[in-house]
Structure formats: structure tokens, C-alpha cells
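Here's the structure, in C-alpha cells; my notes come after.
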Amino acid sequence: MSPITDPWFYAAAIPSVFLVGLSKGGFGGTFAMLGVPVMALVVSPLQAAGIMLPILIVMDAIALLAYKGRADWRSLVILFPAALVGIGAGWAAAAYVNDSFVTLLVGIISIAFVADYVFFRRKETTAPGHNVPKGTFWGAVAGFTSFISHTGGPPFQMYMLPLRLAPMLFAGTAVIFFASMNAIKLVPYFLLGQFDATNLTTSVTLFPVALIATLAGVRLVRIVKAETFYGIIYVFMAVIGVKLTYDGIYAFFA
């Protein structure tokens, strides 16, 4: 019933949890996707995911309390049912789909999305309204890629970012969407045996970092101006897109 004691693990895990916590608090968007890969530098990816999931659930609970149901419910009504279909499709296709290909595809699409904004749409002053076909598509992609390769963030943001919601509304929507997704993932992770004593006690050891980081993320969303907030989101999305593209290409040639 003892946690991991290797200091190199905590050298990677503490920054990883802190970055994820900022994002779970609504600040940084896709930066949360770096959490498991950074931790996986010192433990296996599956163990890293198993340790991270209880931490994510705690972060989700804190964030849900902080935002108190503040969200764009129209977006959730469009995205979430499609995401459930995507998760189901990912489960059905898991044995046949190469996750490296999915990672590469999401990376390329993310870079293209940011490039389109920077070079063509940055000066647009009118945000488009909700689009059910578009939201259904990106919601399904988010569910599918989240199940296959834990890359649901970019597809979610591809629908949400053009709406230009107020930062608190955008962040609250993301919190509810991904909290629901993580709750759904609890069952398969339990069946995979990733909630053993070592992993759970290690997760508990990292809970204070998760608490501080999530509250810091909530605070940053409240004080950062909308223009700066969305600029940071696009920058992080570009960084994640480059990383996913690199990871996908590397996996093909490794």
C-alpha cells in the first residue's frame, strides 16, 4: 500500500500534474494532453494513465464546483451525444486502428486549424453561430480520438474556438465535457487493472498538487482578458499539434 518512491518519477509527475491542473481549471486548453506523455518518461504509458485518471477525476470535481454549471449548454447538447458515439466507435475499432496514425492525423489537423486562423480568420469580427452538423462531426471525432489516443482536446476546440465565447463560459463548457468523458473512462481502466494499490496511493500523494494547480487555473481564467486567453489557447494548440505530428511520424519510423 505504498506509493512510488523513485525521485525521478516525481521530477516528471509534479510538473505534469501541475500543467494538467492549470488546464483542468480552464486555462491552457490542450496543454492537459502533455500530462500522461511527460509522466510516461519515467513509467509505462499505461501506468501513467492509470495514475493520472484518479487525479483527473479530483481535478474535474474541483473545477465543476468552481464553475458551478457555467457553460454553453447548447454546445454540450450538440457535442456530447456525438462524443458518446465516437467513444463507442473507438472501442469497436481499438483492435484495428493504429493509434500512431490517429495521433499524426490529429496533429496535422490541429496545425492546419491554427494556420487557418492566423493567416485567414484572425481579423474576423463576427463569430459564427452554432452548427449542428459541424458540432456533431467534431464531437464524434473528439470521442473517438480520446478513446484511441487520448487526443480529444483539439477536435473539441476546433468546434468551440470559433464561437468566441467569454473565457469563463468556454472554460466551464470544457470542464463539463471532459469531466463527463473521464467518468466514462473509469470502467475500462478498472477492468484493465490500473487501480492497484501502488497506483492509487501514488495518485493520492499527488492530490495536493492537483488541487493547487486547478484552483490556479480557475483564477487565471477569471483575470486574463479574452483576447489574451484565446491567444494562449491557439498557441498551446499549435504546440500540441506539432508534438502530436512529431510523435505520429516518429512512431511510424521507430
When rounded to the nearest 0.5 angstrom, what distance separates [atom1] in [X] from [atom2] in [Y]?
X	Y	atom1	atom2	result
Leu165	Ser75	CG	OG	5.5 Å
Ile184	Phe178	CD1	CZ	12.0 Å
Tyr159	Lys134	OH	NZ	7.5 Å
Ile223	Phe27	CD1	CZ	8.5 Å
Thr245	Ile108	OG1	CD1	5.5 Å
Met181	Ile176	CE	CD1	14.0 Å

Is it true that atom OH of Tyr246 has more than 12 heavy atoms of other residues, nucleotides or ligands lying nearer than 6.0 Å? no

For Thr214 and Ala210, work out which heavy atoms get closest and say how close. OG1-O, 2.7 Å

Taking all non-hydrogen atoms of both residues into account, name the closest pair between Tyr10 and Pro3 and its distance. OH-CB, 3.9 Å

Between side-chain atoms of residues 53-64 and protein atoms elsewhere (two or more places apart, or another chain), which donor-acceptor pairs fall under 3.5 Å?
| unit_1 | atom_1 | unit_2 | atom_2 | d |
| --- | --- | --- | --- | --- |
| Asp60 | OD1 | Lys24 | NZ | 2.9 |
| Asp60 | OD2 | Asn182 | ND2 | 3.0 |

Side-chain donor/acceptor of [X] to backbone N/O of [Y], under 3.5 Å:
X	Y	answer
Tyr234	Phe229	no
Thr202	Ile4	yes
Thr145	Val141	yes
Tyr67	Gly25	yes
Thr201	Thr198	yes
Thr228	Val224	no

Would you mind reporting whether Thr173 and Arg70 have side-chain heavy atoms less than 4.5 Å apart? no

